[in-house]
Amino acid sequence: MKNIKISAVSYTNTKPFLYGLQHTDIINQIDLSLDIPADCAQKLIDDKVDIGLIPVAAALNLPYWEIVADYCIGANGPVNSVFIFSNCAIADVKHIQLDPESRSSNNLAKVLMKNFWKIAPEQITNAHDYSVSTDPYTAFVQIGDRTFGKTEQFPFVYDLAGEWQKFTGLPFVFAAWIANKPIPAEFSTELNASLKYGLDHRAEVLKELPTRNDFDLEDYLMHKLDFVLNEDKKKALYLFLGYIKGLDR
């Protein structure tokens, strides 16, 4: 059987999964590439890989998709790495600069703006530097490791997983292991075992990460992130996809 091609993100939040893939026998059955979230999704859409740890919003661009693992990148409340940073209160925002590396987080921001905060700022996708603005009514979406240590730098900070929970009462799923074709059940079983192995060895993963004085990596990997794709998370995932479909209505 040919190796199964997998694309995953190389952010800190995926390090336990990568550890599991790289330290179990499954590594001999896969071709693993590390990409930014938007590229993970595009590779799956273009059929360059068979499985991606992809932003869940990208599933809407696949003619066929199935979830192939019992794990995800999720959070039950604030996640501390997916934000809207703003120069003003969210109710007063007139312009929002979207993160070029994100699909799900940009869509989460759009869903919350329309349905929770009831605002409709101009959405900017081609800012010269999307993460900087001196305009007092501009906010921007930023995700992943680039947010570490930045929450004290802005007068208004909105953790999008926390805001989603306020809105829906549910956890949130940022990324899931999704295939664009049927995958053998025995491979999914082995994938689950490898991912669990990585999660069970988060203490070893933390030892490999550079020390930071401005961000609690242990709290992030052990508590802020919630990696199990349970029924509440699946409910949240499909609810989120429904809201995305309603953005243009």
Side-chain angles (χ1 to χ4, degrees), residues 8-17 35-41 52-59 71-87 90 93 96-117 119 121 123-125 127 130-133 138-154 156-176 212 214-217 219-229 232-233 236-237 239-241 243-244 247:
V9 179
S10 56
Y11 288 165
T12 297
N13 58 16
T14 62
K15 296 294 187 185
F17 288 155
D35 305 288
I36 64 170
D39 288 349
C40 269
L53 179 58
I54 68 166
V56 295
Y71 299 96
C72 67
I73 302 296
N76 189 12
V79 69
N80 209 19
S81 62
V82 179
F83 293 103
I84 288 177
F85 295 126
S86 183
N87 294 330
I90 196 71
V93 169
I96 186 152
Q97 298 176 174
L98 301 176
D99 189 328
E101 291 193 9
S102 171
R103 288 182 190 233
S104 281
S105 299
N106 288 336
N107 275 299
L108 178 54
K110 294 175 187 179
V111 166
L112 290 169
M113 287 188 296
K114 178 178 179 178
N115 299 284
F116 184 47
W117 294 315
I119 60 173
Q123 297 174 17
I124 300 170
T125 58
Y130 81 99
S131 66
V132 173
S133 178
T138 292
F140 60 90
V141 178
Q142 191 168 55
I143 68 167
D145 297 9
R146 294 160 300 149
T147 68
F148 291 176
K150 287 189 177 179
T151 57
E152 303 301 318
Q153 299 177 18
F154 299 91
F156 297 90
V157 175
Y158 301 89
D159 186 301
L160 295 188
E163 297 297 320
W164 167 265
Q165 188 182 54
K166 290 179 193 175
F167 175 44
T168 65
L170 291 169
F172 191 75
V173 179
F174 290 99
R212 297 189 68 114
D214 60 352
F215 188 79
D216 189 337
L217 287 168
D219 178 60
Y220 181 58
L221 284 182
M222 295 295 192
H223 304 294
K224 289 292 189 295
L225 290 163
D226 195 328
F227 295 99
V228 177
L229 186 60
D232 271 356
K233 288 206 192 69
L237 191 160
L239 179 65
F240 177 50
L241 296 183
Y243 274 120
I244 293 173
L247 284 174

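Sequential numbering from 1 along the given sequence is applied to the chain's residues.
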Examine distances only and state if a side-chain atom of Y158 and a backbone atom of I90 form a donor-acceptor pair shorter than 3.5 Å. yes

Closest non-hydrogen contact found for I96 with P121 is CG2-CG, 4.0 Å

Between A41 and A58 the two heavy atoms that sit nearest each other are CB-CB, 3.4 Å

Against K224, only a single residue in D159, D219, N80 fulfils side-chain hydrogen bond (donor to acceptor under 3.5 Å, both in side chains); can you say which? D219

Taking C-beta and beyond as the side chain, do W117 and E163 meet within less than 4.5 Å on heavy atoms? yes

V228 side chain reached by Y71 side chain, heavy atoms, under 4.5 Å: yes

Residues that Q142 engages under side chain to side chain donor-acceptor pair (under 3.5 Å), provided they are two or more places apart: Y130, K150

Heavy-atom neighbours of Q153 CD exceed 12 at 6.0 Å: yes

Classify the ring geometry of F83 against F85: parallel below 30°, tilted from 30° to 60°, perpendicular beyond 60°. parallel

I'd like to know whether F174 forms a side-chain contact (heavy atoms from CB on, under 4.5 Å) with I143, so could you lay out the CA-CA distance, the side-chain angles of the two residues, the decisive distance to 0.1 Å, and finally the verdict. CA-CA 11 Å; F174 290 99; I143 68 167; over 6 Å; no

Interatomic spacing from CG in L108 to CG in L160 - rounded to 0.5 Å: 5.0 Å

From L217 atom CG to R212 atom CZ, the distance as rounded to the nearest 0.5 Å: 7.0 Å

Identify the heavy atoms of C40 and A8 that sit nearest to each other, and give their distance. SG-C, 3.4 Å

Could you go through the side-chain contact (heavy atoms from CB on, under 4.5 Å) check for I73 and Y11 one step at a time? CA-CA 11 Å; I73 302 296; Y11 288 165; over 6 Å; no

Would a distance-only check, ignoring hydrogens and angles, find a side-chain to backbone donor-acceptor pair under 3.5 Å from D145 to T12? yes

Which pair of heavy atoms, one from V82 and one from V79, lies closest together, and at what distance? N-CG1, 3.8 Å

Output yes when a side-chain donor or acceptor of S104 lies under 3.5 Å from a complementary backbone atom of V56, and no otherwise. yes

Starting at CG of L237, measure out to SG of C72 and round the result to the nearest 0.5 Å. 8.5 Å

List the steps and the verdict of side-chain contact (heavy atoms from CB on, under 4.5 Å) for L53 and F17. CA-CA 10 Å; L53 179 58; F17 288 155; 4.0 Å; yes

Does the gap between the ring centers of F154 and F156 come in under 6.0 Å? no

Backbone of V9 reached by a side-chain donor or acceptor of T14 within 3.5 Å: yes

Will you find, in the side chains of S81 and Y220, an N or O donor that is under 3.5 Å from an N or O acceptor? yes

Would you check if the side chain of N106 reaches a backbone N or O of D99 as a donor-acceptor pair within less than 3.5 Å? yes

Aromatic rings W164 and F167: how do their planes relate, parallel, tilted or perpendicular, breaks at 30° and 60°? perpendicular

Hey, are K233 and D226 close enough for a salt bridge, meaning a charged N less than 4.0 Å from a carboxylate O? yes

Gap between atom OG1 of T168 and atom CG of L239 - 0.5 Å precision: 6.5 Å

For the side chain of N115 and the backbone of V111, is there at least one donor-acceptor N/O pair under 3.5 Å apart? yes

Tightest non-hydrogen contact, residues G77 and A161, listed as O-CB, 3.2 Å

Side-chain heavy-atom pair K114, L247 within 4.5 angstrom cut-off: yes

Between CG on residue N107 and CG on residue L241, distance to nearest 0.5 Å: 9.5 Å

As an exercise, state the distance from CG of N76 to CG of L170, rounded to the nearest 0.5 Å. 9.0 Å

Side-chain donor-acceptor pair present, N87, T138, cut-off under 3.5 Å: no

